[in-house]
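Here's the structure, in structure tokens; my notes come after.
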Amino acid sequence: MPDRYEPKQIEPKWQDIWDHERTWEISNEPGDERPKSYVLEMLPYPSGEPHIGHLKTYSVGDAVAHFRRRNGYRVLHPMGYDAFGLPAENHAIRTGQHPRESTQASIEEFRRQFRAWGVSIDWSREFATCDPEYYRWTQWLFLRLFERDLAYRQNAAVNWCPKDATVLANEQVIDGRCERCGTLVEPRDLEQWFFRITSYADRLLEDMTDIDWPSNVVAMQRNWIGRSEGAEVKFRCEHLDTDYAVFTTRPDTLFGATFFVMAPEHPDVPKLNDSAEVQEYVRRALTESAEERGVEDREKTGVALGHTVTNPVSGEEIPMYVADYVLMEYGTGAIMAVPAHDERDFDFAQKHGLEVRRVIEGDELPYRGDGPMVSSGRFDGTHNREAFGQIVDWLGSEGNGEPAVNYRLRDWLLSRQRYWGCPIPIVHCAKCGLVAVPDDQLPVELPDVEDYAPKGKSPLAAAEDWVRTDCPTCGGEARRETDTMDTFVDSSWYFMRYCDARNDTAPWDPDVLREWMPVDQYIGGVEHAILHLMYARFFTKALADLGLVCFQEPFSRLFTQGMVTRDGAKMSKSKGNVVSPRTYVERYGADTARCYILFVGHPIDGADWSDEGVEGVHRFLARLWRAAAEAPDADNEPAGDPSALVRKAHWAIDKVTRDLGDRFATHTSISAVMELVNDVHRMRESADPSHVRFAVATAASLVFPFAPHLGSEVYEQLTGRRVWEEPWPEADASLLEADTFQLIVQLNGKLIDRIEAPSGVEREEQERLALGSERLASRLNGGEIVKTIVVPGKLVNFVVK
RNA sequence: GCGGAUGUGGCGGAAUUGGUAGACGCGCCGGCUUUAGGUGCCGGUGGCUUCGGUCGUGGGGGUUCGAGUCCCUCCAUCCGCACCA
């Protein structure tokens, strides 16, 4: 074994072995009785080359995968690429290079680096979501949802960039502007495809109790769904002879509703008032970007409509307004305004000189708290919480309202007017309408086009030969849908495809899927806390309803890692502080880069990259290497009585097992191995040779999940065996406790002495030993001990007056 | 505003059930080795100190024999959502 640690020598060696022997492949064949564990990191979006965030994700995931394998699990640990999407298309617009080519190049770079990192991936299941063999089944699943009316087409307001002449996805709108050209985005009404995720709002909420996810992610999803309970109340408008329903979470304040407000988009606004003033107000509101309109402390503007509605509880006529602080998308697009108990209504009332009528006693107005009701007819004196239900019941009995629930969540707009995405497998027929492409004609392949530039419709529309087709139903002339799917559709089911990735007759074999799903441990960045994780949950539930899967939740446990920064700032090309994993892997080796990112702190927290810190970790690995290179010839089984070094090795086993297994604490796991290696160097002259070898082999075994190449090499050098084939070591509980311990002597809770005491002493003996402390005697100074607290094996505290 | 978190040396961070605060690493200081060194190794390293001690985990209060840890309160920072009725 060479004296120097040379990662460049050993890392490729082990990578080749794992490659040629297909070490990390796992079979779907029955017969393996070990329990399954599906460990999955979020699939990367292949753009350019991997960044530090990827290194972190896959380092954490790989540590977990290795740990579970060696703890007797049959581990599925696959890899793929989320390969459709905008960056490749933008690149194509700039360079003319086909997105398939740039994406392919990027995938190869990712694959190359993942191998260079030594991540234990089952490569036999690899795919990219842009492969026709994959998106064929994305289309197939889309059609299943379409058949159940869970996918539908409808007019919707979308973000439109007037300069690029294209519809933008929400994520392409940055601060109300087009991310590409910076032009202010406008709203437009266009026909779009949607998934009916809102039908699943309650189940998406309720089932979060069944999964082990971080509280902040659960909270974010809960927030995003935004369930509000309240009532729908009818307000009669005699002028148009209509009842307007409004949603309110505060039916108890109904007596305080002194005016009524409609959103500018409300279709009845022109019918109520077509004056130039109203038209101008609506026009301005509609052309304003969502961003401008959304500023909270903005002045409350609005125009009176000149008509009234009847407050159903008081019979009072209250004036109608149009104002842009009311949103068409939420509730019914109209509200009852209770200025005394709502800040926004209060601001509007102040500005427009409207009556503010208190109906709940309490602090100054606007008052949002609880209290007894006033000016509320028969409910006067009742506490508002109590009146809440009573008023709803009363409204119901009069036919003026009913309990209602509203959600912030909207249906998922999935169509994109873009080239580089999965084609929507639908045909438009003048006679038959929307017709599904038959399953046996899937995939609807993405055709090659010359021009990817946006023109206000999908670039696919220019592929006339492709667009023109026959109607599968009537055989007549028809045209293909030219929109493509949001890439989040592709990533909403990829984890199921891994289970049976080469199946070409179905997206998966249900028996195989049942074997592996759900994912036992999902790992990824918190930036996907809402969209991806919500969509994947929705897909799973919808597929469960279709009988295609037999579980309700895709990811039993979720781990979200913190972001990696540099000098405290988010890494970005414009700041010039981007750290490329490649640089460090080339300079120090993959093991160092991986260990460093796992050592800076708990992976759940953010980490700031520091070059000095990398050096430190590299020194540690080199020290472990040297300990092995200098290990004396001897047996690996510790001979004779256990020494302090053997005890330390068992302590490290225990520590790493609990830290890594229970709480993903990779940083303290690695520090435990560091302590063990430090002790080896400290004691290697004095300890029995077999003890030294045992300690070094143990260190290699424990470091393997974090530094697989070094772990394998050192372990093999010492034992001749392959560390990944060895079961995870078990700590001998009897060796975790030393013969003696440091007995802490406290006086009034303050430390004053430490005494060497034999382990397992009786309480009385422990107290007696503590009393023997000279420092105690000198400090007691004749004072009277009024109480003695003995914590066995730890301390004795004397309480003195 | 609502929701979620975090606050410990010069820095990243330990302390898992209330029981030795600062493990491990960086940096710094001193020493040794060497073929030069910014390499390697060994030792030290919270503040103050009259070297006895004493103060110390964002501030203030409380519970307890004992609080970084539990409770109340205030402050600061970060993240998500936000004119959602």
Side-chain angles (χ1 to χ4, degrees), chain A residues 4 214-224 226-228 230 246-250 253 257 261 263 293-298 300 323-327 329-338 341-345 347-348 368 406-410 526-527 529-530 562-563 596 599-602 604-617 619-620 622-623 626 655 658-659 662-663 665 667-675 677-678 681-682 741-754 775 778-779 786-791 793-800:
Chain A
R4 263 182 73 87
S215 60
N216 61 327
V217 177
V218 170
M220 276 190 233
Q221 293 216 351
R222 186 155 286 157
N223 241 314
W224 187 261
R227 185 181 201 274
S228 301
V246 302
F247 175 74
T248 177
T249 52
R250 297 294 304 276
T253 64
V261 191
R293 197 171 150 185
V295 178
E296 191 183 354
D297 44 9
R298 191 168 172 242
K300 295 276 179 294
D324 68 2
Y325 80 94
V326 175
L327 309 175
E329 312 90 83
Y330 187 78
T332 62
I335 62 157
M336 66 175 211
V338 184
H341 304 290
D342 181 285
E343 276 161 34
R344 297 153 303 178
D345 297 343
D347 291 346
F348 191 85
R368 306 202 310 159
N406 244 282
Y407 301 91
R408 212 189 74 99
L409 183 71
R410 315 276 158 72
V526 74
E527 64 272 19
I530 298 174
M563 214 173 40
Y596 172 67
F599 177 70
V600 245
H602 195 292
I604 206 165
D605 296 323
D608 201 56
W609 186 274
S610 122
D611 288 357
E612 290 81 11
V614 180
E615 291 272 4
V617 170
R619 262 198 291 273
F620 151 65
R623 267 162 73 78
R626 198 155 12 85
K655 173 100 176 130
R658 284 184 296 118
D659 284 359
D662 300 347
R663 50 187 201 112
H667 62 323
T668 48
S669 297
I670 291 170
S671 77
V673 184
M674 286 174 169
E675 284 194 54
V677 171
N678 288 346
H681 281 278
R682 231 189 319 272
F741 71 98
Q742 290 235 303
L743 172 60
I744 301 307
V745 183
Q746 290 184 340
L747 186 61
N748 289 337
K750 285 191 176 171
L751 171 89
I752 52 164
D753 205 358
R754 301 168 219 252
R775 306 182 79 146
S778 71
R779 295 287 293 280
V786 292
K787 194 171 178 183
T788 307
I789 284 112
V790 179
V791 181
K794 278 250 166 70
L795 59 80
V796 179
N797 184 17
F798 299 102
V799 185
V800 178

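We name chains A, B, ... by the order of the sequence lines, and we start the count at 1 in each one.
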message: Please compare A/Asp659 and A/Arg779 by the position of their nearest nucleotide in RNA chain B and report the one closer to 5'.
response: A/Asp659
task: Assign each of A/Phe247 and A/Ala219 to its nearest nucleotide of RNA chain B by heavy atoms, then name whichever residue's nucleotide is nearer the 5' end.
output: A/Ala219
side-chain contact (heavy atoms from CB on, under 4.5 Å) involving [X] - partner list, sequence neighbours excluded:
X: A/Asn223; result: none
X: A/Arg623; result: A/Arg626, A/Val677, A/Asn678, A/His681
X: A/Ala529; result: A/Val217, A/Met220, A/Val526

Between the side chain of [X] and the main-chain N/O of [Y], is any donor-acceptor distance below 3.5 Å?
X: A/Asn406; Y: A/Ser228; result: no
X: A/Tyr596; Y: A/Gly616; result: no
X: A/Asn797; Y: A/Gly749; result: yes

statement: Whether each nucleotide of nucleotides 24-49 of chain B has a protein heavy atom under 4.0 Å at its base (B), only at its sugar-phosphate (S) or at neither (-) is summarised, 5' to 3', as BSSS------------SSS-------
query: How many Å lie between NE2 on A/His667 and P on B/U16, as a whole number?
result: 12 Å
task: Syn or anti for B/G9, please, going by whether the chi angle lies within 90° of 0.
output: syn
B/G52 glycosidic torsion: syn (within 90° of 0) vs anti: syn
message: Can you tell me if A/Arg250 touches the phosphate of B/A85, counting only side-chain N or O atoms and a distance under 4.0 Å to OP1 or OP2?
response: no
Between CG on residue A/Asp347 and NZ on residue A/Lys300, distance to nearest 0.5 Å: 5.0 Å
Gap separating the CG atom of A/Leu747 from the CZ atom of A/Arg775, nearest 0.5 angstrom: 12.0 Å
In whole Å, what separates the [atom1] atom of [N] from that of [M]?
N: B/G18; M: B/C83; atom1: C1'; value: 47 Å
N: B/C75; M: B/C26; atom1: C1'; value: 30 Å
N: B/A23; M: B/G13; atom1: C1'; value: 10 Å

query: Ignoring hydrogens and angles, are the base of B/G19 and the side chain of A/Gln746 linked by a donor-acceptor pair under 3.5 Å?
result: yes
B/U54 base / A/Lys750 side chain donor-acceptor hit below 3.5 Å: no
message: Using a 4.0 Å heavy-atom cut-off, does A/Arg227 contact any base of the nucleic acid, only the sugar-phosphate backbone, or nothing at all?
response: nothing
query: With a non-hydrogen cut-off below 4.0 angstrom, is A/Asn223 in contact with a base, only sugar-phosphate, or nothing?
result: base
task: Kindly write out the residues that satisfy side-chain hydrogen bond (donor to acceptor under 3.5 Å, both in side chains) with A/Arg410, not counting sequence neighbours, or none if the list is empty.
output: none
Of the listed nucleotides [options], the one nearest the side chain of [X]:
X: A/Val799; options: B/G19, B/A82, B/C65; value: B/C65
X: A/Val600; options: B/C83, B/G12, B/G13; value: B/G12
X: A/Ile530; options: B/C81, B/G19, B/A85; value: B/C81
X: A/Met220; options: B/G80, B/G4, B/G53; value: B/G80

query: So A/His602 and A/His667, would you call those rings parallel, tilted or perpendicular, with 30° and 60° as cut-offs?
result: perpendicular
query: Given Watson-Crick or G-U pairs with both distances under 3.5 Å, what dot-bracket string fits RNA chain B, with | for other-strand pairs and [ ] for crossing?
result: (((((((..(((......[....)))((((((.......))))))(((....)))..(((((..]....))))))))))))....
